[in-house]
*Asks:* 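Can you read through this structure? Questions will come right after.
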Amino acid sequence: MTEPEVTLDLAIEHGLNKEEYEKICKILGRRPNFTELGIFSVMWSEHCSYKNSIALLKTLPRSGGKLLVGAGEENAGLVDIGDGLAVAFKIESHNHPSAVEPYQGAATGVGGIMRDIFTMGARPIASLNSLRFGSLKDARTRYLFDGVVKGIGDYGNSFGVPTIAGEVYFDECYQGNPLINAMAVGIVKIGQSASATAEGEGNPVMIVGSSTGRDGIHGATFASVEISEESEAKRTSVQVGDPFTEKLLLEASLEIIREDLIVGIQDMGAAGISCSTSEMSAKGRSGMKIDLSKVPLRESGMSAYEIMLSESQERMLVVAKKGWEDRVKEIFEKWDLHCEIIGTVTTDGKLDIEYLGEKKAELPAYELVLGGGAPVYYRETAEPEYLFETRNYPLDKLPQPGNLSETFLKVFSSPNIVSKKWVYEQYDSMVRTNTVVGPGCDAAVIRIKGTKKALAVKTDCNGRYVYLNPKEGTKIAVAESARNVVCSGGVPLAITNCLNFGNPYKPEIYWQFSKAIEGMGEACRYFDTPVTGGNVSFYNESPDTSVYPTPVIGMVGLIEDYENIMTSYFKSEDDLIYLLGEDFEEIGGSEYLKVIHKVVAGEPPKIDLEKEKQLHEVVLGLISKKLINSAHDVSDGGIITALAECCVMNEAKPLGAEISVDVATREDFAFFSESQSRVIVSVSPEKKDEFDAFLLAKDFPVLQIGKVGGKSFHINDHRMNLLLLSNIYYNTISKLMDPQ
Amino acid sequence: MKLKFGVVVFPGSNCDHDSYHVLKHILDQETVYLWHKDTNLQNCDVIILPGGFSYGDYIRTGAVAKLSPIMNSVIDFANKGGVVFGICNGFQILTESGLLPGTLIKNKNLKFICKDIYITAVNDSSLLTKSLEKKTLMTPIAHGEGNYFTDDETLKSLQQNNQILFRYSSSKAEISDEYNPNGSIKNIAGIMNKSGNVFGMMPHPERSSDGLLGKTDGMQIFNSLLKNFIK
């Protein structure tokens, strides 16, 4: 087979620029051959190299707290949770594949993030996802939404890990470019985790799991450009998932790690063999001699270039301890999986790739990888012009709706507000019988068998806030995810992030990105929740739309004793309802403004991190002292929405409420304001005195606003039927998706 | 009475640990895993075929599992009167193997469904249901192919021989279409064979057998089995 001659034009076709191509020639002291160019192009793609983000990511708090493995050191971060256990967790995007092939795109997103967890030696215990689509009124959105949910469900259900939490937002800005972020959480005994490294001269390098095909070639590069009309033709860049094989791979991988047979293991995601061989070598300051003829293939006639770049799923690269390769093989055979020795570890730092007796590549591993020779860029920033308009929008001049009950029902019917039951009933949320609080509450809670501990997990981001003020909006995303975890009884431990932005070469986009990082760093330092790792997804733009900057936060919190698990909904008639925190009648960026006035403007609500932290202490204190029966944070849709949710969130037992809310300027503002750091709690009448005394001692703003009871939701002069609210809450999305 | 349970592990089983946990740690029974490539049932009194996606559900749910070595032994064991209990995918394997009549087809809405539902025991004499006294129980379902289907003749014989164990219902034991989550014929959620030693059900009693998870109704099914088992 003749290979194309490598020229600058070919390099540009591969997504490299002139400077990068020249740098490669300089590193090698010659022109790369075709296979080498392919390897460099994927390794230096945005997706693998983080070349436009890493400098800023390094400013985030990435150590401290109970972090055992910090961001970027391994496939996922690792946090000590006591009892000799650690939690591994990470979030990742699969936006571009899902935009063209929603089912496989989303499914392999789940598969990829699961591998990141079990390659650490951790058994995955929970799956989460954060999804954003265009308007549900649009047929293409419904197609994407349906396919993505089915893809996530089919993969996770078969793999046998419960999908327990997440979020779904709909907004026109995501029309051409949906955001599909998948998060996984796993547990490992401290001291039994695995590393993604290659060390020890002569140790065998093995490829295990599925065979290698032509699927997903250049997936990483595809993810590093904007979506265009040609994207549809790149469907072949989308990998195909096989959750059954992944389940076998999980069990086999955990067995070889548990038996201490290996030096290192890394999953093959983006850039397949290229990425795993170069990253493991670079980490271990070693090299590898690889014979691609040994790689089990599923298609004939594959070239070295194709084998190196294939993104076939459900594969791992393993560096075994010399002498133990037969035991490793035995374990993979037990699980009916391929396991082939394809090379050995060397000491010269080079990736030496041979195929059918011919040398195909000789590259210095370190120069290929992030943190090594991969480029690092600081891009130009410029404050976007739209902010001048949005900041100065005269919110006080908005017309006041005549009938607030009707207005509320419209806001409450927004697909962003209503229950995502249509989604989560397609996910197995209970398998492995650890799910204490399933989907539908503020955060989901999963117990850890054999201990008294549980984990509270949640993803969060209001992209509209970040669009209107990237720094404050991102602080809110961190604060809200922490608040959700706190409302479930968890102490926030650490975060993972999925940074979904547009094209970083546009100064306005890069300004949004840099401000978001600033805000995230500030909030994470304040709550002592370091960033354990995550993923950057740039180029989330299509010809017609550019997404809101959407830095999704995945938060994990620790509940030391499962007696202290809390849920969001009202429990009993006559319980007293209190609001913790204060309202400032802030409607900038609110759901109300968008749904009723069709306006996205203003400043997002203010966030006072000190006040937020106090709120966390107060709520956790109330939970551990058993003074409250429910806790629910006030967020999208304001206090009226939060209260209505408290009434209907337990679908089997809706409870009415009598509420009186203070109005400072306008009732619509008071009802729909999304002021931060607020939580609604309910208290048994007999605990009232103790509750009041506790709050007084904490000197935290609190207001009794009503009482649970009755058949309707009654707020100020507005009375709404409970069954109507419940019907809207649970059936809106299914009516849009499955009209009878 | 202490019994010995064997939980079969097929490639792709994922509720094996859940059954094991309930039997071993909550009900304190001797419990072992049985590997699909083995043929020795290790003198177990009861064989559990757990939920999950054996062999990835490829071809059809249960279609490949029925051909695995362990199933030869399980079929022999059942034919000799041994107690076999299939849950979810286990039920699908039992119908594929011919140990139970009928088949499980795609849910009526063509979607996977995971939620808490109610079933009512309509049989009060079987090993699994004797102690339930026709009670209504809350048990979760989690399946894509749980829509029980059979021809009229088989249905008639199921009814005549009192082989229907559970039917989907409301919390107040009303049995109607409204409370049928997946389209199963006659709201059938679980059945047994004619001899009363092979049982299959789509709902997951092992998921509602742990107080910490806030659901314990499923435990009553396991307790009935323990109480009424004759060694």
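Numbers restart at 1 for each chain; the letters A, B, ... are given by sequence-line order, proteins then strands.
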*Asks:* What part of Tyr58(B) lies closer than 4.5 angstrom to a heavy atom of chain A: side chain, backbone, both or neither?
*Replies:* side chain

*Asks:* Check Glu333(A) against Lys37(B) and note the closest heavy-atom contact, atom names and distance.
*Replies:* O-NZ, 3.4 Å

*Asks:* Look at atom NZ of Lys189(A) and say whether more than 12 heavy atoms of other residues, nucleotides or ligands are closer to it than 6.0 Å.
*Replies:*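 Open: at most 12 neighbouring heavy atoms sit under 6.0 Å from NZ of Lys189(A).
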
*Asks:* Would the number of heavy atoms belonging to other residues, nucleotides or ligands and lying under 6.0 Å from NZ of Lys108(B) be above 12?
*Replies:*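 It does not: Lys108(B) NZ has 12 such atoms or fewer within range.
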
*Asks:* Does Leu213(B) reach the side chain of Arg447(A), with side-chain heavy atoms less than 4.5 Å apart?
*Replies:*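 Of all side-chain heavy-atom pairs linking Arg447(A) with Leu213(B), at least one is under 4.5 Å.
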
*Asks:* Using a 6.0 Å cut-off, check whether atom NZ of Lys4(B) has over 12 heavy atoms from anything other than its own residue.
*Replies:* yes

*Asks:* At a 4.5 Å cut-off on heavy atoms, which part of Asp116(B) comes close to chain A: side chain, backbone, both, or neither?
*Replies:* both

*Asks:* Tell me, do His17(B) and Asn434(A) make a side-chain contact under 4.5 Å, heavy atoms counted?
*Replies:*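 The answer is no; the side chains never approach within 4.5 Å.
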
*Asks:* Using a cut-off of under 4.5 Å on heavy-atom pairs, state which of Lys247(A), Glu251(A), Glu425(A), Lys334(A) scores highest against chain B.
*Replies:*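 Most heavy-atom pairs under 4.5 Å with chain B: Glu425(A).
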
*Asks:* Select one option (side chain, backbone, both, neither) describing which atoms of Thr245(A) are under 4.5 Å from chain B's heavy atoms.
*Replies:*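 Neither part, no heavy atoms under 4.5 Å.
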
*Asks:* Please name the pair of heavy atoms, one in Tyr562(A) and one in Leu212(B), separated by the smallest distance, quoted to 0.1 Å.
*Replies:*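 So the two residues come closest at CD1-CD1, 3.4 Å.
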
*Asks:* Most heavy-atom pairs under 4.5 angstrom with chain B, which of Val436(A), Asp242(A), Leu248(A), Asp154(A)?
*Replies:*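 With the most close heavy-atom pairs to chain B, the winner is Asp242(A).
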
*Asks:* I want to check something: taking the side chain as every heavy atom from C-beta on, are Lys215(B) and Met430(A) in contact at a cut-off of under 4.5 Å?
*Replies:* yes

*Asks:* When you compare the side chain of Tyr427(A) with that of Cys114(B), does any pair of heavy atoms fall below 4.5 Å?
*Replies:* no

*Asks:* Which answer fits Ser19(B), side chain, backbone, both or neither, if we ask what part of it has an atom under 4.5 Å from a heavy atom of chain A?
*Replies:* neither

*Asks:* Parallel, tilted or perpendicular: which describes the rings of Trp35(B) and Trp335(A), with under 30° parallel and over 60° perpendicular?
*Replies:* perpendicular

*Asks:* Between Lys111(B) and Asp146(A), is there a side-chain heavy-atom distance shorter than 4.5 Å?
*Replies:*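 When only atoms from C-beta onward are counted, Lys111(B) and Asp146(A) do touch, with a gap below 4.5 Å.
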
*Asks:* Just wondering, do Arg207(B) and Val431(A) contact through their side chains at under 4.5 Å, heavy atoms?
*Replies:* yes

*Asks:* In Å and rounded to the nearest 0.5 Å, what is the CG to CZ distance from Asp428(A) to Phe112(B)?
*Replies:*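 The CG atom of Asp428(A) sits 4.5 Å away from the CZ atom of Phe112(B).
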
*Asks:* Are more than 12 heavy atoms, taken from residues, nucleotides or ligands other than Phe149(B), located less than 6.0 Å from that residue's CZ atom?
*Replies:* no

*Asks:* Indicate yes or no: does Asp210(B) engage Lys449(A) in a salt bridge with an N to O separation below 4.0 Å.
*Replies:* no

*Asks:* Can you find a pair of side-chain heavy atoms, one from Gln426(A) and one from Ile113(B), that are under 4.5 Å apart?
*Replies:* no

*Asks:* Is a side-chain N or O of Asn14(B) found less than 3.5 angstrom from the main chain of Ser158(A), in a donor-acceptor match?
*Replies:*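 Confirmed, Asn14(B) side chain pairs with Ser158(A) backbone.
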
